[in-house]
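A short write-up of the structure that comes next.
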Amino acid sequence: MLRTQPQPLVRPTNTPLPRAVLKFLLNNGLLIALVIEIAIFATASPEIFLSTGNLFTVLRISATTGITVAFYTIALIAGQIDLSTAQVGAVTAVIFAWMFAILEWPLELSFVLAMAFAALLGLINSWLVIRVKIPSLIATLALGTLCYGLAISVIQSNSTTGLIRLNRPPLRDIINTEIVGIPATVILMFAVYTIIYILLNHTRLGAHLYALGGNPQAARLNGIQDKRLVRFALMFTAMSAGFTAIMIAGRGLSAGAATPVGGVLGGPLVAAIFSGVGLSGGSGRIERTLIGVIFLAVLTSGMSILNVSPFARSMIEGLAFVFAILIDSVRQRIETR
Amino acid sequence: MFIKRFMHLLFVSSMLLASAGVLAQDATTYTADEIKEASGVEQCSQLAELPKEFSEDWKLAFINPNKAQSFWGQVSVGMNAAAEFYGVEFVEMDSAGGPDVELFETLLLNQPDVVGTHNAVDYEAVAARALDENIPYIGFDNGQTEYSPYVYGIPNGIAGEAGAELLIEGVQARLDTDWKDRELFFLEFTHNGIPACVDRTGAAATAFKEHFELDDEHIIQLDLATGATEIEMMLSTLTAHPDAVFAMIPCWDGLGIAPYNAAVEAGREADIMLVTLGGDKPPADLLLTKPQGYYGYIEFQPYCEGWGWIESALAIAEGVRFAPYQARRAVTQADIEQRYAELYGAPSS
Amino acid sequence: MSNQQPILQLRGISKSFGFVQAVKNVNWEVYPGEVHALVGDNGAGKSTLIKMICGALLPDSGEILVKGANARIAEPVDAFRLGIAPVYQDLALVEGRDVVMNMFLGDELTHGPFNLFLDHKRMAIETQRVLDEIHSRIPNVREYVRRLSGGQRQAVAVGRALIRGGEVIIMDEPTAALGVEQTREVLNLIETLRSRGKTVIFISHNILQVLQVTNRISVMFHGEMVGTRKTSETNEDEIVGMIVGTKRDVLAAQE
Amino acid sequence: MANSDTLEYRNRRTDDAQRLLRLALDNWLYAATILLCIFFAFRAPNFLTVDNVINTLVSSSITGIVTAGFTIVLLTGTIDASTSGITALASVLCAVMFQQWGVPLPLTLLLLMVASILMGLVSSFLIIEGRIYSLIATLGSSGVFLGLSVGLAAGQQIAITKPELQNALFERPLGIPVSIWVLFLCYLLGYVMLNHTRLGAHIYATGSNYSAARLSGIPVKRVIRIALIIAATTTSLAAVLATARANLSLLYGVTIGGVNLADVFTAALLGGISLRGGVGKIERNLVAVLFLSILSNGLQLMGTAPAVWLVIKGLAFVGAVIIDAVRQRL
């Protein structure tokens with residue numbers, strides 16, 4: 001009947017049982033799918049798949065895309081689609097690598113300047129959206145093209161291999177740090193999701209983001225500062241893309257123009273499909289995004305462990321995708337009825 | 001000249017790699033003929049004389065970058081065939097185009113004795129991880145790093161130079177006849193986001209440029225990373241130089257064949273000469289049809305390269321000397337029938 | 001009534017869009033506690049006038065006085081602060097959010113350190129209180145707005161106006177798209193608001209409804225305020241005449 | 001009296017100025033394309049040669065053909081992101097049927113047409129019956145098509161050595177390559193269909209107001225289905241051209257004569273097609289495709305460094321987007 005809200009007041013208590021079960025299944029369809037998925041892989045390869053080491057592999061893969069996708073969900077909730085994450089990420093990582101590895105500036109300085117640069121790109125995106133009044137999808141696509149060009153220019157003037165190597169000592173150690181045996185990046189990812197969960201559900205900022213995405217006109221008429229929210233969303237998406245790209249480059253010891261931070265069809269759509277936002281904004285739950293990210297990471301790791309044939313692999317990926325969107329579509333249809 | 005350098009490199013690296021090796025050889029080792037026979041139509045050459053009884057039950061592990069691509073699909077087939085032949089356990093994973101560095105952690109859980117990945121974007125980090133764990137790492141293709149002493153596969157620079165050598169042969173013949181007194185350009189089809197391509201075609205460009213003493217203006221790099229298609233770039237280049245002739249080397253076969261056909265479509269087939277790198281079945285099929293300007297290819301033989309990786313990994317485990325993979329077999333229109341028959345049997349039509 | 005101080009007073013308000021003068025030198029008074037209708041044909045300037053009162057548009061000239069004091073209303077927030085709460089024709093509700101979040105849209109209650117966190121509990125209680133006050137029949141304050149009926153939505157929008165401390169509730173064509181039953185609900189709602197001592201500005205096309213619930217009626221014609229009548233002293237014919245402009249010359253002569 | 005006269009006069013003059021400005025902004029793409037041509041004619045050697053004109057058109061043909069179908073779908077307010085899946089599957093199907101099974105070329109093309117209809121139906125089923133947002137639904141179907149193509153090709157590229165396909169591509173009726181004929185034919189058919197048939201009127205109506213169109217008796221679902229089938233057909237056609245040119249089946253993960261969704265998106269947006277549907281002209285999109293093609297062609301002829309023209313293209317895109325935003329606000 002209605003979607004679970006994070007707080008428990010005034011909830012209907014008289015829902016009939018079968019309906020409650022259906023509601024539960026649909027609301028938690030993704031979680032159930034994740035459990036089934038884990039069960040299948042665990043049966044097929046118990047000793048490797050179920051080990052702690054692989055658990056961390058799955059979580060590390062999740063963290064790689066998860067942080068950007070989390071901020072992506074925020075932007076989508078506010079009704080903004082950012083198609084420039086891959087290119088913004090690439091150019092940020094390349095500029096970081098240039099400062100850190102070529103100019104040999106200190107790590108902290110290079111990092112802060114690179115992040116400031118990413119923030120600037122986010123600001124340009126939001127300027128195009130707010131001042132020039134271009135839909136975010138188009139504005140970010142345009143800026144993305146420009147960023148890719150910048151990334152290639154910086155690489156080509158500093159390297160002949162298409163990559164800038166990043167093997168100055170402190171970086172790899174910092175990225176591979178473990179805290180009580182858990183990789184720092186994994187802890188960071190969970191921290192990011194927790195903070196965003198609180199932000200979206202328990203702060204005014206979150207309430208305003210949902211309102212802006214749900215009905216921008218209404219939000220404006222009720223005194224919500226829409227411009228500030230758009231700026232916030234796009235700036236943080238750009239910064240998270242930059243951060244993730246630096247992380248990936250640091251772990252891979254080199255930065256290139258193809259640093260994968262969810263291209264046009266990657267991160268944005270994962271966020272859109274799994275969180276349940278759709279692409280028009282106003283709804284969507286961050287915890288679903290997290291489950292979706294982990295679901296995909298388990299799929300990657302499981303199929304790699306089982307050495308699934310490429311044919312089966314692309315079929316399974318395609319079908320899992322279609323299945324996930326079908327479930328979500330049924331859920332939304334039942335909800336709006 | 002560069003052949004000499006190559007042989008030198010070959011020798012030095014063999015000696016280095018075999019420093020802990022056992023030089024003795026007895027009847028209990030496999031012979032080159034046995035390997036040739038076991039690898040079927042590919043007839044791979046033996047890289048290491050491995051004993052028929054291993055000192056331990058070795059376990060090898062490899063992350064294939066993308067088995068959906070025909071080259072890597074063949075590498076996988078060759079690896080599995082070799083592992084079966086030698087009777088060792090082989091763990092294979094497929095990162096399907098994604099980064100290897102995370103999956104590598106899971107690969108290590110199998111407690112392999114020797115590991116490897118494609119030397120793609122994040123291989124240095126993978127090699128560094130293997131070094132942390134004290135497991136020998138053999139990167140597949142491309143250079144050397146401070147994290148692993150083992151070099152395996154087609155060194156991209158050498159492959160590019162081999163391609164240039166073949167192309168020089170073809171172009172020289174044309175320059176003596178119908179290309180006499182024509183302005184000659186070298187076209188390098190590459191992708192600046194892929195380090196292997198930069199190395200490969202870059203080396204080819206340098207070798208070609210030195211041989212014909214061309215200036216920089218006559219070396220044109222057509223870079224896929226710009227977002228333009230290779231066809232678009234080819235056609236623009238053709239019109240920019242309406243009277244010139246072009247020698248072309250692409251990073252992989254398809255990247256050269258498409259622009260070649262675009263040039264045919266533009267009516268300039270007589271002005272181009274192509275040598276490709278890779279030499280899988282599709283380019284072999286095309287070379288059989290004898291296109292005017294498709295001189296030949298450098299055959300990488302992915303099946304044998306995969307087979308050889310297993311041999312080299314076992315050699316490291318056993319402490320036996322192994323020779324570098326020899327991937328510089330040039331195939332031209334002159335000998336394509338013979339080579340095709342060896343590999344794939346008689347052509348269908 | 002005329003000896004009372006107007007709660008809302010407009011003096012010489014004008015507004016042009018390009019070369020079209022939408023509102024021409026309007027003077028208008030609304031008194032506390034009354035239900036005051038604003039009627040006029042399409043394009044007569046009602047919406048433009050209301051938007052200026054609500055802070056969605058800035059007038060070119062003239063001044064707005066609230067409770068006798070000169071007010072500058074540049075943003076919707078300014079209007080709220082002065083006790084002017086509009087209920088827009090499209091209601092400005094976010095369909096994908098529940099009743100509570102819509103009630104407090106843009107003005108959420110917070111608690112905790114630095115008032116950082118939303119006070120979901122208090123907002124729900126307040127929502128329930130206001131809905132009870134206006135006799136609304138919404139079974140569950142956690143219901144999504146998209147699943148409410150037209151009348152229920154109207155109640156949410158009016159409830160929001162009350163929660164934001166609205167003393168002057170401006171209802172823009174609240175019955176335009178509603179059925180018979182729901183229309184009655186809205187008219188009852190207006191009645192309830194009057195009994196709570198609120199001032200209501202009621203914009204409508206429907207003269208019968210206007211005659212039914214209002215105290216006074218003002219008519220706009222071609223951007224001008226052509227006159228105000230006490231509901232008890234006028235009839236349908238006169239108002240319709242004023243709306244279509246046939247009484248205009250007569251009125252001009254009178255003034 | 002005189003007063004109001006001057007006012008009216010002034011009005012008319014501002015109106016004229018405004019109309020002129022609007023005219024300029026509405027047609028800025030045409031103007032920019034012409035200016036670009038003039039610039040390159042002076043600065044880029046060999047730009048204004050018959051060969052270069054033909055080559056520029058040939059190199060824009062594949063992106064152009066895909067954009068035509070993509071545009072028609074966008075006009076219905078639907079986004080079709082299945083381009084890469086359709087390209088891969090159509091190319092592999094073409095290679096398998098024509099080369100491996102020995103199906104004659106005309107029959108191959110006919111069967112491909114049937115396959116395109118099926119692919120369009122899969123996407124439209126997900127969108128219409130599954131009620132899934134089109135961009136997401138078509139990404140899903142694209143994944144399935146990719147999987148099928150990988151399976152059909154058994155992980156191998158297929159070389160096409162039978163000469164008929166490529167000979168057909170290399171034909172030059174009236175001295176103009178076949179791919180250019182196909183490109184213009186697609187846009188001509190698209191133009192006539194959109195502007196002079198009921199289907200065209202229905203497509204615009206569906207895109208500009210879905211529910212209004214439905215209520216006025218337009219079979220909106222069928223319109224969307226047909227649009228998706230048209231897009232699948234044009235994309236398959238482009239895939240056949242690309243396959244013929246490469247002599248190889250296109251393969252997942254490998255770009256050959258690549259059909260790039262981002263390029264198609266860029267051209268469509270540059271051509272002024274709204275993502276919400278109902279707004280835009282297909283002929284403008286052809287010009288947009290040519291604009292992009294001329295830009296990279298001219299920059300290459302001028303010998304500009306590749307990294308520089310990437311940045312120039314990016315700046316041109318941002319500029320185009322800003323101009324378009326200004327235009328829409330007037």
Between Ser153(A) and Val311(D), what is the shortest heavy-atom contact and its length?
OG-CG2, 3.6 Å

Max heavy-atom pairs within cutoff under 4.5 Å with chain D, candidates Ala142(A), Ala139(A), Ser309(A), Gly149(A), goes to Ala142(A)

Quick one: what part of Ile316(A) sits under 4.5 Å from any heavy atom of chain D, side chain, backbone, both or neither?
neither

Would you say Leu315(D) and Thr145(A) make side-chain contact, with heavy atoms under 4.5 Å?
no

Residue pairs fulfilling side chain to side chain donor-acceptor pair (under 3.5 Å) with at least one residue in residues 284-295 of chain D, sequence neighbours excluded:
Thr71(D)-Asn285(D)

Minimum heavy-atom distance Leu146(A)-Val318(D), with the two atoms named:
CD2-CG2, 4.4 Å

Measure Ile322(D) against the heavy atoms of chain A and call it side chain, backbone, both or neither at under 4.5 Å.
both

Across all chains, not counting sequence neighbours, the side-chain contact (heavy atoms from CB on, under 4.5 Å) partners of Ile72(D) are Met193(D), Leu194(D), Ile203(D), Ala227(D), Ile230(D), Ile282(D)

